[in-house]
Amino acid sequence: MAIIKVIVAFTGICLAFYFYSGTDVFEDDMLKGKKVIVTGASSGIGEQMAYHVARMGSHVLVTARTVDKLEKVVAQCKQLGAASVHYIAGNMNNMTFAKQVVHEAEKIFGGLDMLILNHIGWTYFNYFDGNVDHIRDLLEINVLSYATMTVAALPMLKKSNGNIVVVSSIAGKVPSPLSVPYSTTKFALDGFFSSLRIEFVQQKIDVSITLCVISYIDTDSAVKSVSGVITQPPAPKKECALEIIKGGALRKREVYYLYRAAKIPLLIRDWAPEFLEYLTLKNYDVKNLPKKE
Ligand SMILES: NC(=O)C1=CN([C@@H]2O[C@H](COP(=O)(O)OP(=O)(O)OC[C@H]3O[C@@H](n4cnc5c(N)ncnc54)[C@H](OP(=O)(O)O)[C@@H]3O)[C@@H](O)[C@H]2O)C=CC1
Ligand SMILES: C[C@H](CCC(=O)NCC(=O)O)[C@H]1CC[C@H]2[C@@H]3C(=O)C[C@@H]4C[C@H](O)CC[C@]4(C)[C@H]3CC[C@]12C
């Protein structure tokens, strides 16, 4: 009987290793000549992702609102060896603009291989203030523009058997305080894209969807928003951006780029929610929270 238990356990470990070890190996030339849109590319993780795909020889279309920042990103992408690079500036609270970005890629590239959905609208890091209109506005920018671009890009992505990369957050997998509007939008992304992925399988649509689950990263806006309240140090944006690109190119279902302790909430969120709440609250020093007017 004992030998059977050992065999079953050993088999289980092998299967788990096979399914979760990720046997794929990323090569830079996977992105060479590929046609890529990066949203939210004027700063932060999006800017770094644009530089990575440029260095790998992609054709890149970057977008955000701020023209002078985009022009600097375009210049740096050229320096890094992009096959071609263009920008289009506009606000993702406008679904006509969201569609226009995809149509611009079609006009410039004649197709699309990778759609990297990364931008987010401004939000506060503090107790929920009861303003539901802000949640509605944030859903437009952080969710509906992603869905709008996905619908517009799908004909091209079907032709190329391409990838959709959705930059989300641990805030979209594990409940946490001080980011209620933001977390609402990130959980919505999981619902939309993880359900769409199943429909792609049902319809034999060979377009991959990679949902990226990220914890605290050292971008200017994040550090400015949370420093002093979040106790763990941020991770580097350049490395985070590369892991996202690799996951998309390897057609992973999900990419986890988390500081070590952040993996624990994912393991216990469904089995011990109260214990998770206790661990979560240990991560915050709310006495440094700016007082809301
Ligand atoms: N930094 C972190 O700790 C973490 C970040 N993430 C995720 O990573 C992604 C990028 O975050 P991060 O790099 O920190 O963010 P940044 O604030 O550095 O960048 C946000 C980007 O979105 C653009 N943007 C903002 N508002 C709009 C708008 N209304 N329309 C179009 N573009 C807009 C900004 O450019 P512009 O102002 O010029 O429009 C900028 O390029 C987000 O999806 C975020 O949720 C996930 C976990 C952790
Ligand atoms: C508050 C940040 C958004 C700042 C913003 O408005 N940017 C756009 C602009 O300035 O125009 C949040 C962006 C990323 C969040 C962090 C994150 O996603 C990882 C953690 C998730 C956890 O659930 C809460 C803490 C986080 C560090 C979270 C904090 C809020 C952000 C920095």
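Atoms within each ligand, like the ligands themselves, are counted from 1 in listed order. Count residues from 1 along the sequence.
- Close N/O approach between W122 and ligand 1 is not found [any backbone or side-chain N/O within under 3.5 Å].
- Here the heavy atom of the protein found nearest to atom 33 (C) of ligand 1 is R65 NE, 3.9 Å.
- Annotation for ligand 1: atoms under 4.0 Å from non-hydrogen atoms of Y216 are 3 (O).
- Under 4.0 angstrom from ligand 1, the non-hydrogen atoms of A222 all belong to its side chain.
- At the shortest separation from atom 5 (C) of ligand 1 among protein heavy atoms lies I45 CD1, 3.8 Å.
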Which N or O atoms of ligand 2 sit under 3.5 Å from a protein N or O, and how far apart is each pair?
unit_1, atom_1, unit_2, atom_2, d
ligand 2, 6 (O), T123, N, 2.9
ligand 2, 6 (O), T123, O, 3.4
ligand 2, 18 (O), S169, OG, 2.8
ligand 2, 18 (O), Y182, OH, 2.7
ligand 2, 23 (O), S176, OG, 2.6

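- Each of the atoms 46 (C), 47 (C) of ligand 1 lies under 4.0 Å from some heavy atom of S169.
- With a heavy-atom cut-off of 4.0 Å, S215 touches ligand 1 through its backbone alone.
- Looking at F192 and L144, their side chains never come closer than 4.5 Å, going by heavy atoms from C-beta outward.
- At a heavy-atom distance under 4.0 Å, only side-chain atoms of K186, from C-beta outward, approach ligand 1.
- Contact annotation: for S168 versus ligand 1, heavy atoms closer than 4.0 Å belong to the backbone alone.
- By the side chain to side chain donor-acceptor pair (under 3.5 Å) test, T39 is found to be paired with H119, residues two or more places apart in sequence or in another chain being considered.
- Note on ring orientation: taking the six-membered ring where Trp is involved, the planes of F109 and H86 are perpendicular (angle over 60°, cut-offs 30° and 60°).
- Side-chain atoms of S58 come within 3.5 Å of backbone N or O of L31 as a donor-acceptor pair.
- Residue contacts with ligand 1 for Y182 involve side-chain atoms from C-beta outward but no N, CA, C or O (heavy atoms, distance under 4.0 Å).
- Of all atoms in ligand 1, listed by their number and element, those nearer than 4.0 Å to a heavy atom of G40 are 21 (C), 22 (O), 23 (C), 40 (C), 41 (O).
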